[in-house]
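Notes follow once the structure below has been shown.
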Amino acid sequence: MFTYFMPTKLIAGENAVIENAQELIIGTKAVIITGSTSGKRSGALGDVTAVLTENSIPYLVYDRIENNPSIECTVEAAKAAREFGADFIIGIGGGSPLDAAKAVAVYTANEPIDGSDFEMMDIYKGSYKNKPLPMVAIPTTAGTGSETTPYSILTLHSIHNKKSFSSPDVFYKTAFLDGRYTVELPLQIARNTAVDAMCHLLEGFTNKRSTPASDYIALEGLRVIGSNLDILRNGNPTVEACTELLWGATLGGMVIAQTGTTIVHSMGYPLTYYKNIPHGMANGLLLGEYIALAHKEMPWKTDLYLEALEMDSIDDIQQLLKEILPCDVKFTEEEISEWTKTTIQSKNVAVCPFDVTRDLEIEIYKKCLL
Ligand code: NAP
Ligand code: FE
């Protein structure tokens, strides 16, 4: 038996926002949750505010979402949204603003108060009373697939790591996929984020929780990304190709919404937290070794994903990752040993297709990073 659930409406293509005002406006007062530059640089913020103005919808732009957003930053944004009286949220940006918007939706509807029956950390228990505000998503990177997942990954400085909360209540109502918003992404950000999407597709495909539905979607996502690899190598994409890459990333979100991720992600988080390595690059540094280990358990799946990617061997994938993820950060054995004390406790360990021990995690880190 298996289930498939992903309730977000997808509208893909050029001018998706401008031509679908009725799908964008899902309330009477909007708060726009975005980063300091992504909304403006992508052009998405301009399109959204034009549609809201034309339809006389008051809005507040909250553009102080950090990269790898901290939980405190989402509480702050929710305070602004509550004071403004927002009844719906428009998330614009990469995974950071799109994930943050999900927490903002919860905290706007449920003010976290110390000592009350809903404190800030209770978001992880899902113990809030009021439904989160409804949200729409406009991704400006083609990577995380946050627009189609029930996950929000927040930085918790209290535990020196990132931690996700998950709830079917925080699926976006609608997501708008328009390659105009990613066509001018700096090449290295485009590469990092596309690698994140590849990780979602491959981690989902090799995951113990994979289903016929998630596998079907994963292979299509890998086919879409595989047919656009030149862009990741050389840059200069067309808007059309960018919409395709967005679609590939959204398919990755649809996959992990069913399966979750694996140790590639849980082991990637310390690289981001302690070494400031962007999320997609952090995962990409570990992916090659992970797929080599997964291959031993399920070689027939390797054949299927290599065909989808139009590649001949796992070496080809490892070579591509080396080429597009230049990283000169130095690591030590002490750091690796320290990180694995936490990473081995992640629930992602149990869904890998091979047995994972702390020693194996140390070996993977060493092979990939030293
Ligand atoms: P990001 O942190 O959202 O953005 C990276 C950088 O790209 C930021 O400086 C951002 O600017 C900039 N940027 C975004 N769009 C741009 C555009 N169109 N043009 C120019 N610059 C642009 O990166 P991301 O990789 O998309 O998201 C990573 C986050 O998503 C992590 O926190 C990760 O844990 C999370 N994630 C979530 C899921 C999920 O299922 N929910 C899955 C995987 C990852 P600003 O500073 O202005 O934003
Ligand atoms: Fe990811």
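Start at 1 and go down the list; that is how both ligands and their atoms are numbered. The basis for the numbers below is simple: all heavy atoms, side chains too, and nothing from hydrogens, waters or symmetry mates. Since the model is a prediction, treat every value here as computed from it, not as a measurement.
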message: With a heavy-atom distance limit of 4.0 Å, tell me whether I189 approaches ligand 1 through its side chain, its backbone, both, or neither.
response: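 For I189, the contact with ligand 1 is made by the side chain alone.
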Enumerated ligand 1 atoms positioned under 4.0 Å from heavy atoms of [X]:
{"X": "I153", "result": "34 (O), 36 (N), 37 (C), 38 (C), 39 (C), 41 (N)"}
{"X": "T149", "result": "39 (C), 40 (O), 41 (N)"}
{"X": "T141", "result": "14 (C), 15 (N), 26 (O)"}
{"X": "L185", "result": "15 (N), 16 (C), 17 (C), 18 (N), 19 (N), 22 (C)"}
{"X": "S36", "result": "47 (O)"}
{"X": "K162", "result": "31 (C), 32 (O), 33 (C), 34 (O)"}

message: Could you check whether K29 makes a cation-pi contact with F84, meaning its NZ or CZ is under 6.0 Å from the centre of the six-membered ring and within 45° of the ring axis?
response: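 Ring-cation test returns yes.
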message: Both conditions, 6.0 Å and 45 degrees, for the charged tip of K102 above the ring of Y151: are they met here?
response: no
C199 near the Fe ion (ligand 2): N/O/S under 2.8 Å: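 Checking the Fe ion (ligand 2) against C199, no N, O or S atom falls under 2.8 Å.
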field: Sub-4.5 Å side-chain heavy-atom contact between T302 and L306
entry: yes
message: With carbon and hydrogen excluded and only N/O/S kept, which atom of D196 is nearest the Fe ion (ligand 2)?
response: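 It is OD1, the N, O or S atom of D196 closest to the Fe ion (ligand 2).
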query: Taking the six-membered ring for Trp, is the centroid-to-centroid distance between F88 and Y59 below 6.0 Å?
result: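 Not under 6.0 Å, so no.
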